[in-house]
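Report on the following structure.
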Amino acid sequence: VPSICGLIVHPDGDVRVVVASVLRRMMPNSLRDYLQVDTTSMSEVVKKYQLCLQKLIPYMPLMLKDQPPIPQYTVRLFSDIAQISPQFAAFLSREFSSHNVWKLLIDLLVPEQHNNTNNHGVTHSMEDNDDFAATEDPQVAILLRTLFECSDPSICGLLLDSTNLSIHVASACTVAVFYNPVVTSSAANMESMLPLIELLLSLLHFVIRSITSFNATEEKESNAQAEKYRRSIASLRSVCPALLMLFAFTSQYLDEIVTAFKNGSSEVMADQDAENSALYSSHLNLADSTSRCLGMLFDLFPDAVTNVILSKQSLFQISKIVAVGVAATALADRTASTGPSSMEGTVFSPRLAMAKILTNSKVGVKPKLRLMKIIAGVVRVSAGMKFTHKAKEFIFSEHLLDALHQISNTSEAEIALNGDLLNLVKITCHVLDQENKM
């Protein structure tokens, strides 16, 4: 590896591409093979590979800034290594902190869309290269999530406090949903959103877990630290419109996947075949993770989420108001250069998106239950915000009210088979009762 690393700075770009490709395949595969074959000397193998990685990681900033596809190969190389074991992920996290690699990886979540000159003087346009254009590499989110979940809590806290991690995650979600028509154009493309949403979920889960731990001590310093963590991810409030739109798109594509199976097979087997497909399964996971993110965002920022949900505007219009970071810049650049986004015509308001999700039979009960808990929370929070009239108007809006009545009229036979469905019906009936009393 040290000998190969010397070629990373070779002046010939084709040579550097070959080197990155060789490293991407050689290091993760050989490590897996050694760990599977020789378990007796595992600690020695791990130690040797860590020494090899310590030789390679100092070159990583050069590789991440090089011409495509070298950055993609580099991300995939370290993503594969990090996923071999938590031990390697934790090691990489510490080494990345020492070599300023974290910031470079975070910046790759939303790469700038203009010409760049790499470290070898070669100018290339990200817009002209499909591998490095607006459809960001999902492996970046996978690598960041794997490292974040295996890192020491002190490193996680430092990343949230001193980097643009939360801003870039929020921007990446918003840009993908509202400004990149490729992502939402098909069920297959939507699948690429799952790593990013799971990264967002990891950030939120870490902060909630940390705040819960701090609050349990009942010390002033701990309470201050908990509030600091909460402020460090305040930019994630802006992702709420994108999450609701993504949730609605996901539920729509669940129907379309089943329809596609029906067109290619018998009616009797279509639903079963669809539910066994990888694409259908990934969309169920996307709906589940998106609903979890929305629930956590409401727990952390109930006022901000309530404001979004009670709005009558389209989710796209709301996103224009609350967008932060690169997403806000993307909005200005896109509007100035090409006019309104294609999403401008989308009429999905929060209430319509929620109604479509709640009435979709393909969406699981648990994601619906989380959404219904948010609605109940919005009704509760709106009273303290003196938005009671807005909450009543929200609940009694045509589509949402029909959805709530549909759930409340669920048969007792169905309820008896599913405890989560019973909770969903109870919360729905409670919300309707509360609103009728207003």
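The structure presented is a predicted model; accordingly, all values stated were derived computationally and were not measured.
- Counting heavy atoms from C-beta on, the side chains of Q54 and E95 come closer than 4.5 Å.
- The two atoms that bring S171 and V110 nearest to each other are CB-CG2, 4.3 Å, heavy atoms only.
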Would you mind writing out the side-chain donor-acceptor pairs for residues 296-311 within the sub-3.5 Å range, not counting sequence neighbours?
unit_1 : atom_1 : unit_2 : atom_2 : d
T306   : OG1    : P302   : O      : 2.7
N307   : ND2    : D303   : O      : 3.3
S311   : OG     : Q313   : N      : 3.1

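- Using a 4.5 Å heavy-atom cutoff, the side chains of I375 and F394 are in contact.
- Residues satisfying the side-chain contact (heavy atoms from CB on, under 4.5 Å) test with K426, not counting sequence neighbours, are L422.
- Using modelled atom types, no side-chain atom of D161 and backbone atom of G157 make a donor-acceptor pair closer than 3.5 Å.
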**Request:** Starting from the C-alpha separation in whole Å, work towards a yes-or-no answer on side-chain contact (heavy atoms from CB on, under 4.5 Å) for H168 and L108.
**Result:** CA-CA 9 Å; H168 276 36; L108 284 179; over 6 Å; no
Give the table of side-chain donor-acceptor pairs shorter than 3.5 Å for residues 235-245, with sequence neighbours excluded, one pair per line with atom names and distance.
unit_1 : atom_1 : unit_2 : atom_2 : d
S235   : OG     : S166   : OG     : 3.1
S235   : OG     : I167   : N      : 3.4
R237   : NE     : A234   : O      : 2.9
S238   : OG     : S235   : O      : 2.7

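- Of all non-hydrogen atoms in I318 and P350, the two that sit nearest each other are CD1-CG, 3.7 Å.
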Return all side-chain donor-acceptor pairs below 3.5 angstrom for residues 76-84, not counting sequence neighbours, or 'none' if the list is empty.
unit_1 : atom_1 : unit_2 : atom_2 : d
R76    : NE     : D80    : OD1    : 3.1
R76    : NE     : D80    : OD2    : 3.4
S79    : OG     : Q83    : NE2    : 3.0
S79    : OG     : Q139   : OE1    : 2.9
Q83    : NE2    : S79    : O      : 3.2

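- Interatomic distance, D137 CG to T74 OG1, rounded to the nearest 0.5 Å: 10.5 Å.
- Between R370 and D288 the shortest side-chain heavy-atom distance falls below 4.5 Å.
- One distance of note links CG of L194 with CG of L284; it measures 11.0 Å at 0.5 Å rounding.
- Rounded to the nearest 0.5 angstrom, L279 CG and M190 CE are separated by 10.0 Å.
- When side chains are defined from C-beta on, K320 does not count as touching F178, because their heavy atoms never get closer than 4.5 Å.
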Residues 196-211, side-chain donor-acceptor partners within the protein, below 3.5 Å, at least two apart:
unit_1 : atom_1 : unit_2 : atom_2 : d
E198   : OE1    : R145   : NH1    : 2.9
S202   : OG     : E149   : OE2    : 2.5
S202   : OG     : E198   : O      : 3.1
H205   : ND1    : R209   : NH1    : 2.8
S210   : OG     : F206   : O      : 2.8

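- Taking CG of N164 as the start and CD1 of I106 as the end, the distance is 7.5 Å to the nearest 0.5 Å.
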**Message:** Assess the residue pair R351 and E393 against the criterion (side-chain contact (heavy atoms from CB on, under 4.5 Å)); give the C-alpha distance rounded to whole Å, side-chain angles, the decisive distance to 0.1 Å, and a yes or no.
**Reply:** CA-CA 10 Å; R351 57 196 66 181; E393 183 183 51; 4.2 Å; yes
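- Between the side chains of S282 and E191, a donor-acceptor pair is found at a separation under 3.5 Å.
- Between Y253 and F249, the ring planes lie parallel to each other; the angle is under 30°, not in the 30° to 60° tilted range.
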**Request:** For side-chain contact (heavy atoms from CB on, under 4.5 Å), just list the numbers for M60 and L104, CA-CA rounded to whole Å, side-chain angles, deciding distance to a tenth of an Å, and then say yes or no.
**Result:** CA-CA 9 Å; M60 197 172 173; L104 295 173; over 6 Å; no
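- Of all the heavy atoms in A287 and F247, the pair that sits closest is CB-CE2, 3.8 Å.
- Interatomic distance, OG1 of T163 versus NZ of K103, reported as 9.0 Å (0.5 Å rounding).
- Each salt bridge (charged side-chain N to carboxylate O under 4.0 Å, His left out) pair with one or both residues in residues 398-420, not counting sequence neighbours, appears once here: K366-D420.
- Summarising the geometry of R94 relative to I155, their closest heavy-atom pair is CG-CD1, 4.2 Å, with the distance given to 0.1 Å.
- Within the 4.5 Å cutoff, the side chain of V425 has heavy atoms near those of the C429 side chain.
- With respect to the salt-bridge test (charged N to carboxylate O, under 4.0 angstrom), the residues R230 and E227 qualify.
- Atoms CD1 and CG, on I415 and L424 in that order, are 9.0 Å from each other to the nearest 0.5 Å.
- Here the side chains of M27 and L53 are in contact, with some heavy-atom distance below 4.5 Å.
- No side-chain donor-acceptor contact under 3.5 Å links S281 to the backbone of A278.
- Between S349 and K312 the shortest side-chain heavy-atom distance does not fall below 4.5 Å.
- Using a 4.5 Å cut-off on side-chain heavy atoms (C-beta onward), F387 and V381 make no contact.
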**Request:** List the steps and the verdict of side-chain contact (heavy atoms from CB on, under 4.5 Å) for L432 and H405.
**Result:** CA-CA 8 Å; L432 289 171; H405 280 309; 4.0 Å; yes
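- A side-chain donor-acceptor contact under 3.5 Å links K368 to the backbone of N360.
- Heavy-atom minimum distance, P367 versus G364: CD-O, 3.2 Å.
- Pairing each heavy atom of L159 with each of L165, the nearest pair is O-CB, 4.3 Å.
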